[in-house]
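Both backbone and side-chain heavy atoms feed into the values below; hydrogens, waters and symmetry mates do not. In what follows, chains carry the letters A, B, and so on, assigned in the order in which the sequence lines appear, proteins first and then strands, with residues in each chain numbered from 1. What you see is a predicted model, and the numbers here were worked out from it, not measured in a lab.
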2 protein chains.
Amino acid sequence: MIIGVLGGGQLARMLALAGLPLGFDFVFYDPAPAPCVASLGEHLRGEYSDRVMLSRFARQVDVITYESENIPIECVEFLSLITPVRPGAQALTCSGDRLREKGIFQELGIPAPAFRAVDSLSALNEAIGEIGLPAVLKTRTLGYDGKGQFVLRSRDDVGRAWEMLGGFSLVLESLVAFDREISVLGVRDQAGKILFYPLSENVHHDGVLRFSRSRPRDPMQKSAEELAGKLLRHLDYVGVLALELFQVGSMLLANEMAPRVHNSGHWTIEGAMTSQFENHLRAIAGLPLGKTSVTGHSAMVNFIGRQPDLAGLLALRGLHVHLYGKAERPGRKVGHATLWSGSGASFEEGCRTLRSLL
Amino acid sequence: MIIGVLGGGQLARMLALAGLPLGFDFVFYDPAPAPCVASLGEHLRGEYSDRVMLSRFARQVDVITYESENIPIECVEFLSLITPVRPGAQALTCSGDRLREKGIFQELGIPAPAFRAVDSLSALNEAIGEIGLPAVLKTRTLGYDGKGQFVLRSRDDVGRAWEMLGGFSLVLESLVAFDREISVLGVRDQAGKILFYPLSENVHHDGVLRFSRSRPRDPMQKSAEELAGKLLRHLDYVGVLALELFQVGSMLLANEMAPRVHNSGHWTIEGAMTSQFENHLRAIAGLPLGKTSVTGHSAMVNFIGRQPDLAGLLALRGLHVHLYGKAERPGRKVGHATLWSGSGASFEEGCRTLRSLL
């Protein structure tokens with residue numbers, strides 16, 4: 001079977017590394033001249049608006065998936081006319097636009113921080129009056145890893161925020177004082193069967209995920225699954241979906257969803273019976289899902305901006321290194337490492353070392 | 001770092017799948033038009049005797065390794081003049097020739113079945129008189145997976161054996177009535193540090209490995225390590241080496257060594273803290289070795305000649321499928337699957353299912 005992937009970044013790369021052993025071949029569609037997946041399959045270089053290239057792409061693969069919610073919806077709708085795209089256009093539509101996404105959360109009764117659409121300075125001031133401060137002003141589309149966001153702590157910040165983001169359609173969200181950031185990853189197959197991974201507990205700095213660990217038997221597991229399950233069913237979803245949540249006391253608030261494999265699930269490569277990448281492929285290819293239970297204790301750190309010292313990392317016991325073959329650039333995710341241990345004691349000790357890499 | 005691999009079969013493929021996450025790039029040298037590694041790096045097509053192509057290969061990589069002991073020694077000696085080859089020519093010299101191999105076993109005091117060199121029909125009859133029957137007549141070179149072998153059970157077999165193999169330089173080996181077939185995999189780094197994996201217990205049919213399982217805390221672990229350790233040190237070896245052994249009572253007899261990653265170590269991909277493929281790469285690249293301890297219980301079956309039913313396999317709990325992207329051909333290894341379990345009970349149950357796939 002030939003899998004087509006929109007985007008050629010590290011998520012596409014890890015999908016390919018998981019899929020090659022299953023006998024899949026890959027074609028990657030990416031506007032970049034040399035995406036980091038280039039060595040793992042055929043790279044078709046084209047713009048997401050180039051219908052000639054897109055149809056050539058769609059005709060040479062059996063199923064299409066995407067590694068980013070920032071793919072133009074028109075692109076996916078066009079491809080769907082030729083070849084199945086999983087997850088479908090619907091998932092992309094709501095996750096690619098923060099306002100639509102929050103609309104879906106409301107519609108499905110998924111608690112989320114208060115928000116207002118903002119399309120003018122006066123609307124911004126009005127929104128601040130309604131939901132209060134602190135709050136985050138975010139672009140409705142194309143934001144990721146904290147890009148396109150501005151945190152408003154006092155009225156004095158309004159000017160600079162508007163200067164920076166005023167040109168875009170925006171959403172103002174109440175800034176939640178959370179106790180914990182978690183995410184739940186679910187995978188749904190074409191028959192509607194759903195499996196969830198144990199929760200990930202996450203630490204972000206400046207909107208970028210830095211540290212993530214698996215939390216088997218977490219008290220919030222069931223509540224998180226209920227919320228993500230609503231999305232998976234409502235969107236008639238096929239593949240892996242991630243839902244990021246804020247925990248406040250015993251309450252969960254939805255931050256955002258990602259209609260794709262997710263950074264907070266990278267620990268599943270070593271730490272789960274079947275990785276998120278393999279299960280996403282199994283789902284979109286119409287194959288049986290694999291077990292999502294943990295194989296031990298796992299925690300992950302991202303390497304951001306600069307290449308890590310490989311020899312130093314490999315000297316650490318139980319550390320599994322994943323580099324993405326990407327050039328260094330400030331704020332860019334160039335790799336990650338997962339600490340795995342069968343024993344809780346040595347794991348907690350290793351976690352301290354791991355956090356020191358941050 | 002750019003790794004050059006001589007040979008583009010499944011072992012080269014699994015080396016690449018282990019090395020890409022560490023940031024290595026790969027160049028594969030193989031005479032075949034489309035080896036199964038083609039999608040994982042650059043493929044240089046050339047004969048092992050083509051010095052123009054070989055030097056081009058050697059100049060574009062940082063270190064060279066091989067996936068087979070059937071590479072002509074002259075090829076490796078020539079490459080070594082330009083770029084380091086690890087493990088070196090010496091390991092290849094003794095393992096590529098059964099007579100030299102047994103000479104080394106004798107020299108190092110590694111017990112092995114009785115053998116005689118055979119280069120004529122009269123020499124064969126004489127050898128039978130000396131070591132008795134049953135015995136196996138084997139070609140000195142280029143044999144693998146039971147090819148180039150003939151089992152002599154009575155004097156009546158001599159004629160057919162000679163008809164089939166008479167043209168080659170041969171070795172006659174006493175056929176050992178073993179209690180168990182095991183193998184030990186060791187990895188040695190450039191500083192001489194040696195780590196061993198827990199023993200593999202193996203089942204062959206017609207000279208081809210069919211089933212292999214990890215045997216942590218096996219009573220023969222220490223004795224097996226002593227024998228393999230002698231080889232690793234004597235050969236000033238760098239990388240993974242496999243030693244196949246027959247167990248007779250409490251005695252171990254060396255069957256053969258492989259100066260490379262080995263089929264009986266495929267379970268280490270899921271079943272060990274660091275796979276044999278990653279540790280081989282770490283060793284030849286001069287990086288620290290990774291832990292070789294097990295992560296749970298593992299057993300592996302090979303898929304031979306025909307592609308397995310992927311959906312059927314993926315429906316089995318805890319089974320990890322590895323297909324090699326090779327066309328079907330009688331006797332050809334096209335893939336393997338490893339059963340992994342954290343619990344001994346569910347593992348034994350799964351093993352029964354696994355063996356039923358044979």
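- For the pair A/R282 (side chain) and B/A311 (backbone), a donor-acceptor distance under 3.5 Å is absent.
- With a threshold of 4.5 angstrom between heavy atoms, B/L316 does not approach chain A through any atom at all.
- In this structure, A/H320 NE2 and B/L22 CG are separated by 11.0 Å, a value rounded to the nearest 0.5 Å.
- A/E270 CD to B/M273 CE: the interatomic distance, rounded to the nearest 0.5 Å, is 9.5 Å.
- Around the CZ atom of B/R332, the shell of radius 6.0 Å holds more than 12 heavy atoms that belong to other residues, nucleotides or ligands.
- Taking a 6.0 Å sphere around CZ of A/R56, one finds it holds 12 or fewer heavy atoms contributed by other residues, nucleotides or ligands.
- Applying the side-chain contact (heavy atoms from CB on, under 4.5 Å) test between A/P21 and each of B/I269, B/L323, B/V321, B/L17 identifies B/L17 as the sole match.
- Of the inter-residue distances, the one linking A/L319 atom CG with B/K291 atom NZ reads 12.0 Å to the nearest 0.5 angstrom.
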(message) Set out, in order, the CA-CA distance, both residues' side-chain angles and the distance that settles side chain to side chain contact (heavy atoms under 4.5 Å, CB included) for A/L314 and B/E278, then state yes or no.
(response) CA-CA 11 Å; A/L314 296 182; B/E278 180 170 340; 4.2 Å; yes
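- Interface remark: B/L287 contributes side-chain atoms only to the contact with chain A (heavy atom separation under 4.5 Å).
- Neither the backbone nor the side chain of B/Q307 comes within contact range of chain A, judged by heavy atoms closer than 4.5 Å.
- No more than 12 heavy atoms of other residues, nucleotides or ligands lie within 6.0 Å of CD in A/E349, so this atom counts as exposed by the packing criterion.
- Heavy atoms of B/L289 lying under 4.5 Å from chain A belong exclusively to its backbone.
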(request) Evaluate the criterion side chain to side chain contact (heavy atoms under 4.5 Å, CB included) for residue pair A/S39 and B/L20; output intermediate values, then yes/no. (result) CA-CA 9 Å; A/S39 71; B/L20 288 164; 4.1 Å; yes
